[in-house]
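Letters A, B, ... mirror the listed sequences (proteins, then strands); counts begin at 1.
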Amino acid sequence: MKRLLWACLLTLTALMARAETYVVYVNGASAGSTSSTSQQALAFKQSMNRNGIGANVPFRHFPIVQSTSESAFAIQCQKILSQQAFPVRGVGPSTSQYTAYLQALGKLYESPTTSAVANCTWGPGVGKMGVATTALADTLKGYLQGGHKAVVAGYSQGNYYVEAAIGLMLSRGDINDLSRLQVVNIASLAATALSGRYINGTLDQVVYGGPGSWPHSLPGNQELCVGACTVKASLSDLVAVGANASAHYVIETYLNESIKVFASQQTLPKIIANQVSFALAELGAGPVGVEPSITQIDFVDGNPARLVVSFDTNMKPNYWTTGNYVTKPGNPGSWTDLRKLVIEFESYTPGGSITLVASGFQSEAGVPMAADRVFTFPGGAPNPPPPTPTGPAVNITAMTYFPGTLPRLEVDFDTDMQPLYFTTGDYVPLQGREGYWPTPRKFVIEFQSVTPGGKITLNASGFRSLLGGALLEDKVFTFPNS
Amino acid sequence: MARINFFMARIQRLALSGFMVAASAVLVAACGGGGGGTSAPPTAPAGNTSTINGIGVPPEPEATSNAATLAGIDTNANGVRDDVERSIAQNTPQTFADAMKVAKVVQQQVAGTTVPTPAEQAEAFCLAAGKAIQADTIESTTLDSESRLQAFYKNRQDINLPECQP
């Protein structure tokens with residue numbers, strides 16, 4: 001019984017000690033919005049989950065309990081401070097200006113009711129803003145002290161609190177930089193993009209609408225579109241797909257799946273999820289989404305032959321493949337969109353294979369495929385025939401066979417080679433080690449089994465030097481009899 | 001003092017609900033009405049209401065007393081400050097019970113005497129994320145001073161957001 005209790009205690013301790021990276025939603029003004037702050041927070045989490053942030057990522061909500069008007073009064077000095085620091089909208093401050101602003105801001109909130117800012121009179125809500133700012137700073141500090149990290153996502157006026165809390169943490173000495181905190185600003189009224197990531201729709205009428213707008217907030221950086229997205233949207237276009245008239249509310253506009261960003265043609269919530277995902281990656285949070293899967297592989301046996309690989313989610317436009325083929329010069333692989341990779345071949349080995357290496361295919365959130373995927377080329381004559389050698393002939397300088405439980409053959413060349421191969425023979429290759437190049441001049445193939453006295457043929461057309469040269473003839477090695 | 005307030009409030013609520021009036025009338029009738037031996041039923045101070053949108057609520061608390069402590073005045077001891085309870089009855093009578101659950105958790109966070117469990121807080125969050133509760137109004141009414149806001153932040157459990165059922 002004691003052992004069981006002790007084991008439980010150890011497990012609990014381990015669980016408590018587990019370092020997490022939280023995504024913390026900081027809402028905008030509360031009363032006056034059409035959705036409650038809790039509704040906003042839940043919608044934000046659900047939207048991020050739908051757009052690639054895995055359910056394993058813990059979301060939290062830091063509630064700002066102030067009405068629009070209360071906050072508007074309260075942030076007056078912060079607004080003036082930012083106006084003094086960054087007098088021209090869209091002109092980024094230098095690092096020293098940025099630091100000076102945040103330190104001044106932090107000092108402001110160390111004692112909000114007594115600190116003085118030139119030409120500023122505190123509004124009646126400042127006391128509450130000071131309480132909320134300090135509480136947010138303390139909450140974030142608590143995360144860091146517990147070994148955790150956080151991505152703080154502010155919305156609208158919530159960004160003022162985030163900016164102020166980070167400033168306060170810097171001035172108090174809680175942090176020296178943002179290495180363990182990242183910030184994503186959404187519809188931000190603040191003057192600073194603390195981690196360089198923010199999403200402000202240019203049609204946001206609260207931020208950019210008119211005389212009442214916020215001239216010293218971050219500039220608009222997202223032109224929006226709807227439907228086929230061939231032209232930039234007007235305000236009425238946005239309203240027609242469910243945005244509120246100010247194109248500012250978080251659920252109706254910024255988390256609206258029908259609104260896309262014109263430049264990338266991705267939905268606005270997807271863009272936000274990407275920003276959150278990048279921020280999580282910046283903090284080393286590891287994979288934060290579901291593993292991407294291949295939904296379809298189509299092989300087109302034309303000239304050139306093509307392999308079309310489709311994925312179930314948007315991918316990073318990279319790839320890593322190995323196998324029995326020569327890719328077409330100049331166009332070895334291209335992403336026609338973020339879900340479809342096309343590889344064109346100059347030649348391939350009939351019956352040979354191409355392996356799509358799992359770690360070389362990652363979702364936009366940075367999550368790799370669960371496992372390698374192997375595609376076997378159809379049999380028959382090579383199509384098209386191997387290209388004519390264009391460089392000096394290639395010579396094999398040594399072929400060394402290493403017997404044992406898992407035998408292998410090492411082949412040395414006299415020049416640097418392309419990482420290709422084409423072998424046939426009386427053997428079963430060891431899966432995952434069927435042919436690889438540890439150096440540009442050494443080819444290795446490992447076997448699960450070989451036929452004693454049988455042969456392995458290195459086909460001349462399947463080995464090419466970097467200069468375009470080929471073997472003059474096939475090279476055959478005979479396995480020992482015992 | 002709180003117990004007296006609670007007792008008085010019950011009398012006022014009974015009076016205002018009409019029960020005492022009816023009972024007095026029956027008593028008067030039974031006694032034949034002679035001698036003027038009954039006194040007039042107690043009435044609530046002007047401005048107090050016992051029923052808002054059909055919901056029995058405590059009287060509006062005196063402002064200074066209500067603001068004197070973090071907990072404020074809760075005459076019926078149901079865990080929700082009287083002014084907040086009245087506000088809920090006024091604003092969201094259709095979802096009164098759910099709104100009261102949310103208000104109770106917020107009030108616990110302010111008073112700090114009983115800290116809500118993470119499960120209670122998760123339930124309150126999901127209710128607040130519903131559409132008809134007007135949770136923001138509950139919070140802004142309950143957290144109506146710097147000290148109450150400060151207490152709220154201090155005592156709240158910082159939980160991972162739950163999966164709320166639609």
Side-chain angles (χ1 to χ4, degrees), chain A residues 20 22-25 27-46 48-49 55-71 74 112-113 124-140 142-143 146 148 150 251, chain B residues 67 70 84 87-88 90-92 95 98-99 101-103 105-110 112 116 118 120-166:
Chain A
E20 300 269 24
Y22 302 114
V23 177
V24 185
Y25 178 77
N27 62 269
S30 51
S33 303
T34 55
S35 50
S36 74
T37 61
S38 302
Q39 240 179 308
Q40 290 178 30
L42 183 61
F44 179 71
K45 173 185 184 291
Q46 291 171 337
M48 294 300 99
N49 288 159
N56 57 324
V57 176
F59 278 72
R60 296 194 166 189
H61 176 211
F62 185 86
I64 299 296
V65 190
Q66 270 188 280
S67 68
T68 314
S69 54
E70 255 183 343
S71 293
T113 52
V126 67
K128 281 189 179 179
M129 181 152 186
V131 168
T133 299
T134 304
L136 177 56
D138 290 345
T139 298
L140 297 177
Y143 293 162
H148 309 298
I251 294 176
Chain B
L70 287 174
V84 176
S87 164
I88 292 170
Q90 181 70 50
N91 293 322
T92 54
T95 54
D98 284 342
K101 282 185 189 174
V102 174
V105 167
V106 178
Q107 176 68 7
Q108 284 175 333
Q109 290 165 333
V110 172
E120 287 171 332
Q121 202 165 324
E123 184 193 9
F125 173 83
C126 289
L127 287 170
K131 290 187 176 175
I133 301 293
Q134 289 192 18
D136 290 352
T137 305
I138 295 171
E139 287 184 347
S140 59
T141 309
T142 309
L143 309 175
D144 57 351
S145 69
E146 284 177 38
S147 55
R148 283 174 174 156
L149 186 65
Q150 203 159 28
F152 166 76
Y153 282 129
K154 182 183 166 195
N155 297 322
R156 68 184 279 269
Q157 303 284 303
D158 192 15
I159 60 167
N160 291 342
L161 296 191
E163 300 293 334
C164 300
Q165 299 303 315

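- Looking at B/Leu143, the atoms closer than 4.5 Å to chain A (heavy atoms on both sides) sit in the backbone and in the side chain alike.
- The candidate with the highest count of non-hydrogen atom pairs below 4.5 Å against chain B, out of A/Ser38, A/Pro63, A/Ala43, A/Pro58, is A/Ser38.
- Side chains of A/Ser36 and B/Asp136: a donor-acceptor N/O pair is absent below 3.5 angstrom, by distance only.
- The parts of A/Ala132 that come within reach of chain B are both its backbone and its side chain, each placing non-hydrogen atoms under 4.5 angstrom from that chain.
- Contacts between A/Tyr22 and chain B at a heavy-atom distance below 4.5 Å involve the side chain alone, from C-beta outward.
- Here the closest non-hydrogen pair linking A/Val65 and B/Phe152 is CG2-CE2, 4.3 Å.
- Using a 4.5 Å cut-off between heavy atoms, A/Tyr143 contacts chain B through its side chain alone, with no backbone atom that close.
- Heavy atoms only, all atoms of each residue included: A/Gln46 and B/Cys164 are closest at NE2-O, 4.4 Å.
- Taking all atoms of both residues into account, the shortest heavy-atom contact from B/Leu161 to A/Lys45 is O-CE, 3.6 Å.
- Neither side chain, A/Asp138 nor B/Tyr153, offers a donor N or O lying under 3.5 Å from an acceptor on the other.
- Note that CD of B/Glu163 is 10.0 Å distant from CZ of A/Phe59, once rounded to the nearest 0.5 Å.
- Using a 4.5 Å heavy-atom threshold, the side chains of B/Asn160 and A/Arg60 count as touching.
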